[in-house]
Amino acid sequence: MTDKKNKNIEVQAGKPIYGGKTLSQYNGKTVMLERALPGEKVMAFIKKKKKGYIEAIASEILEKSPHRTESECKYYPTCGGCKLRDVEYDYQRWIKEEVVKDCITRIGKVKDYEFLPIVKADNSSHYRNKMEFTFSEERYYMSKDEGFDNDKFSLGFHAPKFYSKVIDVEYCYHQPELLNYVYKSLRQILKSSGLKPYNLLKHTGFLRYLVMRITTENKVMINLVTKSKELDIIGSVADQLMENHPEIVSFMNTINSRLSSTAYGEETLLIKGQEVLLDYIGEYKFEISSNSFFQVNPGQTEKLYDKIVEFAELKGEENVLDLYCGVGTIAIYINKQVKSVTGFELVEAAVVNAQRNAELNDITNCKFVSGDLMQLAKDGEIFKEKFDIIITDPPRDGMHPKVVHSIINSEVKKIVYVSCNPSTFARDVQLFEMGGYKLEKVQPVDMFPHTYHVETVGVLIKKQLL
Ligand SMILES: C[S@@+](CC[C@H](N)C(=O)[O-])C[C@H]1O[C@@H](n2cnc3c(N)ncnc32)[C@H](O)[C@@H]1O
């Protein structure tokens, strides 16, 4: 059934696929359907008609899945930070397992491998150690009940499709309660300060982003991203906030005067307290600066890294290559179980952090090299030394084919592939399989409950060595 403009269709959701979607059929065409659970009958709005398929979003559930629950969050699903907050946690995990399996067979064309059940998260809410909120002069009103009071101050998350508008968020279930408490105080101080939020369309205003971090020891770092440098003003905000919040040990101010909409800027200044936070993964400590990449779910990071160690089957004699090493967390975590680790990473500041982190833990068998792995692979720079095992943890886009081919051409027996995107993981696995490797086993780890994101660890072995 469709309406007159052919924009609304009635469909039944099929199997889950990557991206928080399900597959469906309509008039012989494949529909990629958002916001529906497998088995649900929905009315869906057609977003795009492509050559071979339709993209649609469920607008009304006609027959509800028994796995739907109630979401406790008043901003769900509009804010977009969660896609599965009204879905039973057991069922979320089943969806993620099915998605990983589907990617491996459909994209990777691999059938014969061992699949281990997803590693569960102990906490499905309040797990993130880093949050980023956006200021805007233009508020996105989710419903008429919000009053349309023309409030010129909004702090929260970007509204879907309205890139200049922001949903005014008072509380977020992703962040620990202590961060919610600090967030509430800071919102009050900033709202009553008269400081102007940024206007993305006019490039006016002062307050741009708020980035908050919290460590496993409940120490908090605040980074206020502003359009210009006003040290007295920011200093006074920091004083007011830190007076009542001893947990805040660092107050930073990033200046971003550019048009680019990011929380990074041309300089980051220390306003009050310390410049870095100290956090732990297992027995190891790490210095984290406001812009460092650090795994966001501390409860699951150790489980993920233990899985890497288990899959690598380290004996203590291996020279390990750690590709896309970030601030050296994996290298440092495994240092006692190997002979040496060499890490490669694009961001120079992360390499400096990695070296510093090794020193901080009195580790001498890890070294870190900066550079673009695609270029390093092209120039033959990665395999100047011999390695026994590769651990690779690329960004969402996966590995550049040149990097994959340089590994295939090396004599490395075992690859442990850590991925935050099962579709690019599967794509790369297919290349490795064509190059003489065999995918042995795979295990997803749930690092991001209530979202569709899933971490996957896989181990590949060079075939003739099986
Ligand atoms: C998913 S993170 C992994 C970080 C680290 N392994 C960890 O567990 O914290 C991916 C890393 O790849 C780096 N990266 C992205 N593109 C790269 C490239 N072309 N060459 C080298 N490193 C790159 C990013 O800067 C980031 O630190």
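Counting starts at 1 for both ligands and their atoms, in listed order. Quick note: numbers below take in every heavy atom, side chains included, and nothing from hydrogens, waters or symmetry partners.
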Does Tyr198 have its ring centroid less than 6.0 Å away from the ring centroid of Phe135? no
Options Tyr333, Tyr324, Tyr305, ranked by nearest heavy atom to atom 7 (C) of ligand 1, top entry: Tyr305
Could you find the nearest protein heavy atom to atom 20 (N) of ligand 1 and give me its residue, atom name and distance? Leu373 N, 3.0 Å
For atom 10 (C) of ligand 1, what's the nearest protein heavy atom and its distance? Asp393 O, 3.4 Å
Between Thr105 (side chain) and Lys109 (backbone), is there a donor-acceptor pair under 3.5 Å? no
For the residue pair Phe157 and Phe133, is the inter-centroid distance of their aromatic rings smaller than 6.0 Å? yes
Closest non-hydrogen protein atom to atom 24 (C) of ligand 1, residue and atom name please, with distance? Glu345 OE2, 3.5 Å
With a 4.0 Å heavy-atom cut-off (strictly under), which part of Ile330 contacts ligand 1: side chain, backbone, both or neither? side chain
Is the distance between the ring centroids of Tyr140 and His158 less than 6.0 Å? no
Suppose I only count heavy atoms of Pro394 and a 4.0 Å limit; which atoms of ligand 1 are within that range? 1 (C)
Electrostatic pair Lys21-Glu55, nearest N-O below 4.0 angstrom: no
Could you name the option among Pro395, Gly343, Cys325, Ser292 that has the heavy atom nearest to atom 16 (N) of ligand 1? Pro395
Between Leu277 and Arg213, which heavy-atom pair has the shortest distance, and what is it? CD1-CB, 3.8 Å
Would a line drawn from the ring center of Tyr18 to the ring center of Tyr452 be shorter than 6.0 Å? yes
Which atoms of ligand 1 are found less than 4.0 Å from any heavy atom of Val347? 25 (O)
Between Pro16 and Glu98, what is the shortest heavy-atom contact and its length? CG-CB, 3.9 Å
Can a non-hydrogen atom of Phe293 be found less than 4.0 Å from any atom of ligand 1? yes
Would you please indicate yes or no on a ring centroid separation below 6.0 angstrom for Tyr173 and His450? no
Option from Asp279, Thr329, Asn335 for which side chain to side chain donor-acceptor pair (under 3.5 Å) with Tyr284 holds: Asn335
Please work out whether any backbone atom (N, CA, C, O) or any side-chain heavy atom from C-beta onward of Thr329 is under 4.0 Å from ligand 1, and answer side chain, backbone, both or neither. side chain
Heavy-atom gap Gly371 to ligand 1 smaller than 4.0 Å: yes
Which residue and heavy atom of the protein sit nearest atom 21 (C) of ligand 1, plus the separation: Leu346 N, 3.2 Å
Of the side chain and backbone of Ala350, name the one, both, or neither that has a heavy atom under 4.0 Å from an atom of ligand 1. neither
Considering only heavy atoms, does His400 approach ligand 1 within less than 4.0 Å through its side chain, its backbone, both, or neither? neither
Check each atom of ligand 1 against the heavy atoms of Gln295 and keep those under 4.0 Å away; list them by number with element. 7 (C), 8 (O), 9 (O)
Give me the residue, atom name and distance of the protein heavy atom closest to atom 19 (N) of ligand 1. Asp372 OD1, 2.9 Å
